[in-house]
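Encoded as structure tokens, the structure appears first; notes follow it.
A note on names: the letters A, B, ... follow the listed sequences, proteins ahead of strands, and every chain is numbered from 1. These values consider heavy atoms only, across backbone and side chains, with no hydrogens, waters or symmetry-generated copies.
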2 protein chains.
Amino acid sequence: MTGHQTRSSQTRAERKEQTRRALLDGTLQLSADRGLSNVSLREIARSADIVPTAFYRHFASIDQLGLTLVDDGMRALRVMLREARRTPGGANGQASVEILSKHVRANRQLFQFLYRERYGGSVEVRRAIDTELRFIVGELTIDLSRTPGLQNWETEDLEMAADLIVSAMQEAMVAFLSAAKSDARAEDEIVERTRKQMRLILLGIGQWRPKQRQD
Amino acid sequence: MTGHQTRSSQTRAERKEQTRRALLDGTLQLSADRGLSNVSLREIARSADIVPTAFYRHFASIDQLGLTLVDDGMRALRVMLREARRTPGGANGQASVEILSKHVRANRQLFQFLYRERYGGSVEVRRAIDTELRFIVGELTIDLSRTPGLQNWETEDLEMAADLIVSAMQEAMVAFLSAAKSDARAEDEIVERTRKQMRLILLGIGQWRPKQRQD
DNA sequence: CTTTTCAGTGCACGCCCGTACACTGAACAA
DNA sequence: TTGTTCAGTGTACGGGCGTGCACTGAAAAG
């Protein structure tokens, strides 16, 4: 009631933030089974109970809102990766698959948004996602370079392996999200298959001869 | 000029087929950088130089047209796979990467359509693509089961390996299509990386112990 | 108390959309 | 020659869209 600070306001900004979140959540909901590009500004506004033109008080365009969602999704992804990295054998091992499944369940819509827009989104959204994804491959490459036995690998080869791991993980994520929401059996199968794939890749890495050449 | 057959007509059906192809080609063009769902029926009709309502003489809906494009794309994909299969070591080896790159270059838009709609398309289109893709994994599984040294693998494990190979190949395809149309250096890098990934997977397969268990 | 800020309102506009409907005219069958 | 088929036409409609513009009224600032 009595605002006596020289700094920022309170109730006013709170309400704005609330609407902003409603816009983001509503958009996530609406785009879940159609993609962002098939959602209209008016629909989004409706979902947040504001009039269409008020949308512009929060975002300059739907695309800008999309980029914010990409940020949110990537943040969730980084949280997941951090957990995987501090888990024993997490970054390349089998434990990471369970971590993936856990986080996917907790962030369904956000992750779905990411993989859907990665291929189907606008040019800007696609580029934003690809950039972040490349960054992730880079981090995994560094992780691998510190793994015992891989210190003398060439960066190119490390990147190649990291890329393969990320590809498999992404496919697992997509499979997860395609499975019915509470089909535990299907989820278990995906986990099992992906675990094996990780093991297969690790076996391959163990056999790799760093400077090998082919004609 | 003189049509004297009891069977089908000639010039009439030809013109229809011509328009049909114009519709398919135009749609492929229009959806290349926006996705099928962002293309309007009117645009498609315009691209084929017909009036909007005439569209329905050929397809019941844009979705139906999309399914036809999925068929076309899958046909191209099967042609590619057939070539890979009859090439020595093609199905899992490194030669298959070159075959992939060749066919992708020859069918850019069709393949782009496939991977874009696989995640971003309508429910029906997505299902059609996924079904076909699963079929391909199945065929590769059979190929693997005939490979010397893998005869006593369990089907589940073979499928797991086939799935990983297909994932890597798909990622390579996407990378190809994302690379600028005439960036030979980028394409070479992708080929090289994917080749190595195939080699890595093969090494992993070589080390695989069929009945291995983990806690 | 007075003034300023600004999230949200309400209306109006022009645009493109899908599609219903009645039609035309050339290719074809008889 | 005559009648039928049917790919393509042209008009018209109602509806959703993005957005420009003038506004309101409560919260914040002074």
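- Between B:Arg78 and B:Glu132 there is a salt bridge, with a side-chain nitrogen of the basic residue lying less than 4.0 Å from a carboxylate oxygen of the acidic one.
- A straight line from CD of B:Glu17 to P of C:dA27 spans 18 Å, rounded to a whole angstrom.
- Comparing B:Thr53 and A:Thr19, the nucleotide of DNA chain C nearest to each residue sits closer to the 5' end for A:Thr19.
- Among the nucleotides D:dT9, C:dT19, C:dA12, the one closest to the side chain of B:Pro52 is C:dT19.
- B:Glu14 places its CD atom 13 Å from the P atom of D:dG8, with the value rounded to the nearest Å.
- Residue contacts shown for B:Arg20 are absent, as no nucleic acid heavy atom lies under 4.0 Å away.
- Atom CZ of B:Arg21 sits in a crowded spot, with more than 12 heavy atoms from other residues, nucleotides or ligands closer than 6.0 Å.
- The interatomic distance linking B:Phe55 (CZ) with D:dC6 (C1') rounds to 18 Å, in whole Å.
- To the nearest angstrom, P of C:dA26 lies 18 Å from CD of B:Gln18.
- Distances shown here put every side-chain N or O of A:Ser40 at or beyond 4.0 Å from the OP1 or OP2 atom of D:dG16.
- Comparing atom distances between the B:Lys16 side chain and each of D:dC17, D:dA7, C:dA7 picks out D:dA7 as nearest.
- Here the side chain of B:Leu41 is nearest to one of C:dT9, C:dT19, D:dG10, namely C:dT19.
- Here the P atom of nucleotide D:dG18 and the CD1 atom of A:Ile44 are 8 Å apart, to the nearest Å.
- For the pair A:Arg12 and C:dT4, the criterion of a side-chain N or O lying under 4.0 Å from OP1 or OP2 is not met.
- The separation between A:Tyr56 atom OH and C:dG8 atom P is 15 Å, rounded to whole Å.
- Donor-acceptor pairing under 3.5 Å, judged by distance alone, is present between the side chain of A:Arg57 and the base of C:dG8.
- As a whole-Å value, the separation of B:Phe59 CZ from C:dT19 P is 15 Å.
- When atom types are taken as modelled, the side chain of B:Ser40 and the backbone of B:Glu43 share a donor-acceptor pair closer than 3.5 angstrom.
- Taking atom CD1 of A:Ile50 as the reference point, atom P of D:dG18 lies 13 Å away to the nearest angstrom.
- Using bins of under 30°, 30° to 60° and over 60° for the plane-to-plane angle, the ring pair B:Tyr119/A:Tyr119 lands in the parallel bin.
- In the displayed structure, A:Glu156 atom CD is contacted under 6.0 Å by at most 12 heavy atoms of other residues, nucleotides or ligands.
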